[in-house]
A.B. asks: 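Can you read through this structure? Questions will come right after.
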There are 2 protein chains.
Amino acid sequence: MATHLVNHVQRFASADKTFCDLPPAVAEALEHEALTTTYPTGAVLFAEGQSPRGVFIVRRGRVKLSICGSDGRTLILRMVEPGLLLGVAAVVSGCTYEATAETQEPSEISFLRHSDLLRLMRLHGELALWVTQQISADYASTCREIRDLILSDSASEKLARLLVGWLDQNAEARNPSQMKLALTHEEIGQMIGTSRETVSRLFAGFKKQRLIQQSGSTLVIPNRVALESLITA
Amino acid sequence: MATHLVNHVQRFASADKTFCDLPPAVAEALEHEALTTTYPTGAVLFAEGQSPRGVFIVRRGRVKLSICGSDGRTLILRMVEPGLLLGVAAVVSGCTYEATAETQEPSEISFLRHSDLLRLMRLHGELALWVTQQISADYASTCREIRDLILSDSASEKLARLLVGWLDQNAEARNPSQMKLALTHEEIGQMIGTSRETVSRLFAGFKKQRLIQQSGSTLVIPNRVALESLITA
DNA sequence: ACCCATGTGTGATCCTCATCACCGCTCGAA
DNA sequence: TTCGAGCGGTGATGAGGATCACACATGGGT
């Protein structure tokens, strides 16, 4: 039990870079008030339109943030990585959750109640500032999303942009870069606002042009620059 | 000069509902640090991609917030009304301005330097919380924007949604509601992500269906419900 | 009164996807 | 093994808009 606690603290210390920015007292308060839980794949933390219960902090795993239209179609806003907050906007502004959050893999997630967050923020300007930074980043990312999705037109450009973005995050450094493809064509379509079939056809086209190779769930991008040339074409 | 100051304070007291939420000390600090200027129509407060100098608070007038794609096309994110903040996300998160802000009419706008905002936020949890609420609202509105623009498809649905949204803000209460149409077809197109010609054709169609009437720059919507029936169709 | 700039109306054409339809594959459960 | 569900490939078709190309209005400036 003792060793378990130690691991716990170590992991947080090393993984949660976000907490390092905060004064120790604030970080401790957060740790103290938050309730950390482990979720299986596919757990829904909150759904679009629900009134906010609190915020979630991703410790380990990955969470899919999506919105869905009246006709049932879905758009994936982004994948949320460890260290980031979920649901702040709703809690702070008081309106309903703006999207649906669902775990993509088994994940460890802390929960902080509505009232606790607001109380702590009022108490610690530093914390409030930190939270604001998080939302600001979300906002910026959403603006980029809008630009890419609406002002790009061609679906191939959107897909290329998505792949290049993945390279920056996931890929091993060496060239040709390769990475695991964790999403289905359907989900990729939901990330760039096109249909499953179009994604399939685009991948086929990219392969024909030697822009990508695929073996199993491993995606190889032999030449990043070629891919990038599709963007802003 | 004395009377001028009095008017100043009076107007802020009555128009800036946002400031009422803040403790008087904080509001005063804001007033003290901020620099208020009057801009003509078409003034660019900041442009997408610039590194942030500070935040702007709209006191009077209207500001257009837009982003523009690599091919030159423009998307108007929203019109910013008095009492709201501009450019917070960029200042707080440290990345570049996420959009371009341009006055749509002669406007009175306060400016608060980067460092002053951060200092005040650190100092006053209340202020930080207030700022966070503002960004949260922006974020929520941007998410709605994404949903409407990407998950709607038909251009007519988007236009109907825009008009109904305007009704909620601008229109006189009586039925048939009417309002001033302050934007060109081009700009409307930029708000819903379609071309100028499509907007023109849509308006023609709406008129034929008796959904709208137009005389000069005055738009009459005889039957709001009929318009709404186009949404989620 | 003129002119030019800016906004608007509308046809013709083309192209990109969404959609439907169907097939084959793989993998896990019964 | 067999079945079925989920995923992926690919053709055919059609629709919705972007785009181009005009012509017409409006209105401010000289």
Side-chain angles (χ1 to χ4, degrees), chain A residues 41-42 68-76 104 148-163 180-209 212-219 230-231 233, chain B residues 40-42 64 68-76 104 148-162 180-209 211-219 230-231 233:
Chain A
T41 300
C68 99
S70 40
D71 58 351
R73 280 199 304 165
T74 297
L75 182 79
I76 299 177
Q104 276 290 104
D148 294 348
L149 291 188
I150 302 190
L151 298 173
S152 283
D153 240 40
S154 79
S156 62
E157 192 176 332
K158 294 180 202 166
L159 181 57
R161 210 188 298 272
L162 183 69
L163 293 180
K180 282 292 167 195
L181 192 49
L183 301 179
T184 68
H185 285 185
E186 175 97 45
E187 287 172 314
I188 295 174
Q190 291 173 346
M191 295 201 73
I192 62 178
T194 64
S195 69
R196 184 219 115 215
E197 293 94 325
T198 298
V199 173
S200 188
R201 281 186 250 267
L202 285 175
F203 266 123
F206 282 7
K207 278 173 199 160
K208 199 158 292 169
Q209 297 176 258
I212 63 172
Q213 292 152 31
Q214 204 179 351
S215 49
S217 70
T218 301
L219 194 69
L230 286 189
I231 304 176
Chain B
T41 299
K64 176 170 77 177
C68 100
S70 41
D71 58 349
R73 279 199 304 165
T74 296
L75 183 78
I76 299 177
Q104 275 291 104
D148 294 347
L149 291 188
I150 302 189
L151 297 174
S152 284
D153 240 42
S154 79
S156 61
E157 192 176 333
K158 294 180 202 166
L159 181 57
R161 210 188 300 273
L162 183 69
K180 282 293 167 196
L181 192 49
L183 301 179
T184 68
H185 286 186
E186 175 96 45
E187 288 171 313
I188 294 174
Q190 291 173 345
M191 295 202 72
I192 62 177
T194 64
S195 70
R196 184 220 114 214
E197 292 94 325
T198 297
V199 174
S200 188
R201 280 186 251 266
L202 285 175
F203 266 123
F206 283 7
K207 278 173 199 159
K208 199 159 293 170
Q209 298 176 258
L211 294 173
I212 62 172
Q213 291 153 32
Q214 205 178 349
S215 50
S217 70
T218 301
L219 195 68
L230 286 189
I231 304 175

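Reminder, nothing fancy here: chain letters follow the sequence lines and each chain counts from 1.
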A.B. asks: For B/Ile150, is there any backbone N or O sitting under 3.5 Å from a side-chain donor or acceptor partner on A/Arg73?
C.D. replies: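 Yes, because the side chain of A/Arg73 sits within donor-acceptor range (under 3.5 Å) of the backbone of B/Ile150.
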A.B. asks: Which atoms form the tightest heavy-atom contact between B/Ala160 and B/Leu230, and what is the distance?
C.D. replies: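 Heavy-atom minimum between the residues: CB-CB, 3.9 Å.
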A.B. asks: If you round to the nearest 0.5 Å, how far is NZ of B/Lys158 from OG1 of B/Thr198?
C.D. replies: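 Rounded to the nearest 0.5 Å, the OG1-NZ separation comes to 9.5 Å.
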A.B. asks: Please write out the pairs of protein N or O atoms and N or O atoms of nucleotides 24-26 of chain C separated by less than 3.5 Å, giving the distance to one decimal.
C.D. replies:
none

A.B. asks: Of the nucleotides D/dG9, C/dG9, D/dT19, which has the atom closest to the B/Ser200 side chain?
C.D. replies: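 Nearest to the side chain of B/Ser200 among the choices is C/dG9.
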A.B. asks: Within residues 182-198 of chain B, which residues have any heavy atom lying less than 4.0 Å from an atom of DNA chain D?
C.D. replies: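 Heavy-atom cutoff 4.0 Å gives B/Gly193, B/Thr194, B/Ser195, B/Glu197, B/Thr198.
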A.B. asks: Would you say the side chains of A/Ser215 and A/Thr218 form a donor-acceptor pair under 3.5 Å?
C.D. replies: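 Not at all, the side chains of A/Ser215 and A/Thr218 share no donor-acceptor pair under 3.5 Å.
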A.B. asks: In whole angstrom, give the distance that lies between atom CD of A/Glu157 and atom P of D/dA18.
C.D. replies: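 After rounding, the gap between these two atoms is 16 Å.
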A.B. asks: Please report the shortest heavy-atom distance between A/Gln104 and A/Thr41, naming the atom on each side.
C.D. replies: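 A/Gln104 and A/Thr41 have their closest heavy atoms at O-CG2, 3.5 Å.
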A.B. asks: Between A/Arg73 (CZ) and C/dA18 (P), how many Å, whole number?
C.D. replies: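 That distance rounds to 7 Å.
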A.B. asks: May I have the distance from A/Arg201 (atom CZ) to D/dT13 (atom C1'), rounded to whole angstrom?
C.D. replies: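 So the CZ-C1' distance, A/Arg201 to D/dT13, works out to 11 Å.
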A.B. asks: B/Phe206: which residues meet the ring-ring contact (aromatic ring centres under 6.0 Å, His included) condition with it, sequence neighbours left out?
C.D. replies: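 Here no residue qualifies.
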A.B. asks: How long is the line joining CD1 of B/Ile150 and P of D/dG17, in whole Å?
C.D. replies: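 Between P of D/dG17 and CD1 of B/Ile150: 15 Å.
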A.B. asks: Whole-Å distance between D/dG16 P and B/Leu230 CG?
C.D. replies: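 About 14 Å, once rounded to whole Å.
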A.B. asks: Rounded to whole angstroms, how far apart are CG on B/Leu159 and C1' on D/dG17?
C.D. replies: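 That distance rounds to 14 Å.
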A.B. asks: How many angstroms lie between OG1 in B/Thr74 and CE in B/Met191, if you round to the nearest 0.5 Å?
C.D. replies: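 Reported value, rounded in 0.5 Å steps: 12.5 Å.
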A.B. asks: Rounding to an integer number of Å, can you tell me how far B/Gln214 CD sits from C/dG7 P?
C.D. replies: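 Interatomic distance, CD of B/Gln214 to P of C/dG7: 15 Å.
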A.B. asks: So that I can tick it off, tell me whether A/Arg201 and A/Glu197 are bridged by a salt bridge, with the cut-off set at under 4.0 angstrom between side-chain N and carboxylate O.
C.D. replies: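 A/Arg201 and A/Glu197: not salt-bridged.
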A.B. asks: Calculate, to the nearest 0.5 Å, the distance between atoms OG and NE2 belonging to A/Ser195 and A/His185 respectively.
C.D. replies: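 Rounded to the nearest 0.5 Å, the OG-NE2 separation comes out at 11.5 Å.
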